[in-house]
There are 2 protein chains.
Amino acid sequence: MNMKATSFDIAYRAGVSQSTVSRALRNSPLVNEETRLKVQAIAKELNYKVDKNARNLRSQQSNTIALLLFEDSTSDDSQINPFFLSMLGSITRACANKGYDLLVSFQQMDNDWHAEFEDTNKADGIILLGYGDYVEYKKKLVQLHEQGTHFVRWGAEVKDMQVATLGCDNIHGGMQLTQHLMHKGREHCAFIGTASRHAPEFNDRYKGHVKALKKAGKTVDADLQVDALYTEEAGYLATKELLAQGVSFDSLFGACDLIAIGAIRAIKEHGLKIPDDVAVVGFDDIPMANFVNPPLTTAKQDTMLAGKLLVDNLLNLIAGEEPKTMLIPSQLIERGSTNI
Amino acid sequence: MNMKATSFDIAYRAGVSQSTVSRALRNSPLVNEETRLKVQAIAKELNYKVDKNARNLRSQQSNTIALLLFEDSTSDDSQINPFFLSMLGSITRACANKGYDLLVSFQQMDNDWHAEFEDTNKADGIILLGYGDYVEYKKKLVQLHEQGTHFVRWGAEVKDMQVATLGCDNIHGGMQLTQHLMHKGREHCAFIGTASRHAPEFNDRYKGHVKALKKAGKTVDADLQVDALYTEEAGYLATKELLAQGVSFDSLFGACDLIAIGAIRAIKEHGLKIPDDVAVVGFDDIPMANFVNPPLTTAKQDTMLAGKLLVDNLLNLIAGEEPKTMLIPSQLIERGSTNI
DNA sequence: CTGAAAGCGCTTACAG
DNA sequence: CTGAAAGCGCTTACAG
């Protein structure tokens with residue numbers, strides 16, 4: 001390998017100034033067509049590539065977005081919720097479409113966030129993704145906000161704060177699922193998922209669930225709600241506990257697919273049939289949902305759209321627009337876990 | 001927001017030169033302890049962050065690794081093989097542990113790769129991950145190699161080329177799975193997976209399969225091998241075709257879990273029982289494997305280890321060591337799809 | 001242990 | 001349309 005070519009090398013060969021090279025390569029209208037073509041030809045020949053560090057340093061922007069994917073340290077260390085993985089895929093694509101690079105970083109919720117990408121001029125803005133302790137989380141949001149960092153987040157709305165948030169319409173989605181269960185003639189629906197501060201999304205889904213019950217004139221039975229974090233194991237254990245208590249129910253709402261999948265395992269182990277004895281629904285529509293037995297009825301979140309909107313929103317924010325908050329509707333996907 | 005602080009601001013307040021600030025912040029032994037502490041305190045107070053563009057431009061390295069995740073355009077546009085997603089997770093973690101940032105980029109195999117991260121000084125090296133057309137792929141490898149790019153790849157070995165490759169011991173894994181099936185008394189094993197140029201990994205697994213058969217003194221029946229790409233749908237269709245042809249088999253080896261899961265669907269639809277009529281094995285141990293019905297026996301690839309080794313290898317390569325090629329053993333995970 | 005100075009490779013007013 | 005020059009914010013020989 002010989003040395004990397006610089007714009008000066010090109011300038012020398014083209015017999016023009018380095019400034020002109022810079023302009024020609026950026027397709028500036030200020031430069032003569034002929035000159036431009038000559039310069040570009042030489043650049044290609046020398047396999048010249050702009051040094052991004054130099055460009056970014058000079059122009060004070062990076063054309064890069066950072067994605068912070070955070071998790072509770074409660075989750076085991078190798079598995080990321082497939083839903084977020086799917087979001088990651090769509091965000092990567094959306095960035096590529098806009099000509100932005102994506103810096104990905106996993107963070108433990110309880111650590112100091114390594115969120116200096118923007119401070120550090122490595123990124124123009126940040127996308128936040130993940131579940132985790134809400135109180136801890138909010139502290140960090142406030143901090144980011146005070147530093148003037150450009151960021152958008154995925155999730156439930158944060159109260160008392162003006163942050164650009166994109167999320168699924170969890171309340172409506174929860175309502176829809178519970179109505180679906182009632183429509184199938186189910187009377188007693190268990191809800192597995194934390195109402196704690198760890199996943200506000202789950203809480204919204206629960207609200208939707210309650211709303212549907214009330215709307216139908218049913219009473220809400222507190223015994224039927226059991227806390228659980230966002231893992232298959234948590235769903236399994238919570239459901240097992242519920243079954244052990246002898247509470248009776250003919251349907252179960254897992255606050256996310258992973259929980260629902262764990263619930264299915266517990267229900268089957270207990271000797272009950274799905275959907276005959278217990279109909280089950282989840283939330284997210286992760287790839288697995290279609291492959292469990294029986295396939296899981298769920299509320300699909302449109303990750304492709306979500307990724308695109310997150311990126312669009314962030315770029316708008318960077319461009320100086322007001323932070324926008326939006327809800328994306330979920331879509332009911334009926335499968336075997338609720339269809340006799 | 002007031003202006004971002006620079007090292008000059010700190011120098012001014014600390015009453016030292018900017019050079020000393022730079023040294024102090026990098027914990028250079030050249031600087032007096034007292035001075036260092038003072039400088040660091042002021043830096044913290046001003047919420048100072050090193051400008052990475054300036055640092056990288058000056059020091060000519062980026063402390064960033066780029067991950068190129070490529071796919072055939074044949075696969076549908078939203079789904080990435082969960083196995084690669086899992087690799088992505090472990091690579092991110094491994095990078096973080098080494099203090100490197102990770103730039104992620106999805107690429108269509110047939111496009112010109114946007115692999116200029118290193119040329120462009122945005123990354124010190126590149127990790128390649130994915131399935132795809134081998135011929136196309138090799139062309140690009142040669143190109144990267146000629147450009148002197150530092151990269152390591154995940155996959156089967158590439159012939160006639162000295163590239164740092166890390167992969168699963170697919171031949172041994174394939175052998176192990178087939179031996180497991182024979183051990184369970186299965187006589188006629190179908191193999192679903194392309195022997196074409198699209199996934200050399202699959203070909204190695206097939207080789208292992210054949211090796212096991214030969215070792216046991218069995219004949220290899222060409223009718224029992226059907227090509228399929230690496231999707232659930234492809235596995236489903238290939239198995240359906242095999243069943244339609246009336247070829248008889250009592251076991252089936254899917255070249256990856258996704259294929260095996262598709263095969264399970266086809267077999268069930270055909271009215272056969274798993275594992276009673278047909279025992280099924282896959283490869284990878286993606287999260288789904290444990291949730292299909294029945295749970296899938298498979299060869300687990302250790303993605304945590306793989307991610308760590310890929311990153312370690314790349315950093316060694318960047319540091320000037322020789323490219324190393326290694327195989328990671330897979331581990332047989334027995335589940336219901338082969339256990340009566 | 002510290003400082004003055006050069007320079008990484010660009011972009012972009014400024015002047016023509 | 002083009003060029004000379006300044007400067008983005010650092011790191012690091014060099015000299016003391």
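We name chains A, B, ... by the order of the sequence lines, and we start the count at 1 in each one.
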Figure out the CG/P separation between A:Asp9 and C:dG9, and round it to whole Å.
-> 9 Å
Phosphate-side-chain proximity, B:Gln60 and C:dG9, N/O vs OP1/OP2 below 4.0 Å = yes
In whole angstroms, how far is the P atom of C:dC1 from the NZ atom of B:Lys38?
-> 15 Å
Given that A:Ser22 and B:Arg36 both sit by DNA chain C, which one's nearest nucleotide is further toward the 5' end?
-> B:Arg36
Hey, is the side chain of A:Arg23 poking within less than 4.0 Å of OP1 or OP2 on C:dT11, counting only N and O atoms?
-> no
Residue pair A:Asn27 / A:Gln40, side-chain donor-acceptor N/O under 3.5 Å | yes
Looking just at side-chain N and O atoms, do B:Thr64 and B:Lys52 make a donor-acceptor pair shorter than 3.5 Å?
-> no
Short side-chain N/O contact from B:Ser59 to OP1 or OP2 of D:dT11, under 4.0 Å = no
Any-strand Watson-Crick or G-U partner of C:dT2, both distances under 3.5 Å = D:dA15
Is the phosphate of D:dG3, meaning OP1 or OP2, less than 4.0 Å from a side-chain N or O of A:Thr20?
-> yes
Classify the angle between the aromatic ring planes of B:Phe151 and B:His145 as parallel (below 30°), tilted (30 to 60°) or perpendicular (above 60°).
-> perpendicular
What integer distance in Å separates B:Leu30:CG from C:dG3:P?
-> 13 Å
Between atom CZ in A:Arg55 and atom P in D:dC8, what is the gap in whole Å?
-> 19 Å
Taking only side-chain nitrogens and oxygens of B:Thr35, does any of them come within less than 4.0 Å of OP1 or OP2 of C:dT2?
-> yes
Does A:Arg58 put a side-chain nitrogen or oxygen below 4.0 Å from OP1 or OP2 of C:dT12?
-> no
Could you give the distance separating D:dA13 and D:dG9 at their P atoms, to the nearest angstrom?
-> 23 Å
Specify the separation, in whole Å, of atom CD of A:Gln18 and atom P of C:dG7.
-> 16 Å
Picking from D:dT2, D:dC10, C:dT11, the nucleotide nearest the side-chain atoms of B:Ala54 would be D:dC10
Whole-Å gap separating C1' (D:dC8) and CG (B:Leu57) = 9 Å
Over how many whole Å does the gap from A:Glu34 atom CD to D:dC1 atom C1' extend?
-> 12 Å
Between A:Thr6 and B:Ser19, whichever has its closest DNA chain C nucleotide further toward 5' is B:Ser19
Specify the closest pair of heavy atoms between B:Ala43 and B:Leu25, including all atoms of both residues, with the distance to one decimal.
-> CB-CD2, 3.8 Å
Return no unless some side-chain N or O of B:Ser7 is found under 4.0 Å from OP1 or OP2 of D:dC10.
-> yes
Regarding B:Gln18 and B:Ser7, is there a side-chain donor-to-acceptor distance under 3.5 Å anywhere?
-> yes
Whole-Å distance between C:dT2 P and B:Glu33 CD?
-> 11 Å
Taking the same atom, P, in C:dC1 and in C:dA5, what whole-Å distance lies between them?
-> 24 Å
Check against side chain to side chain contact (heavy atoms under 4.5 Å, CB included), A:Tyr48 and A:Asp9 | CA-CA 9 Å; A:Tyr48 169 83; A:Asp9 298 325; over 6 Å; no
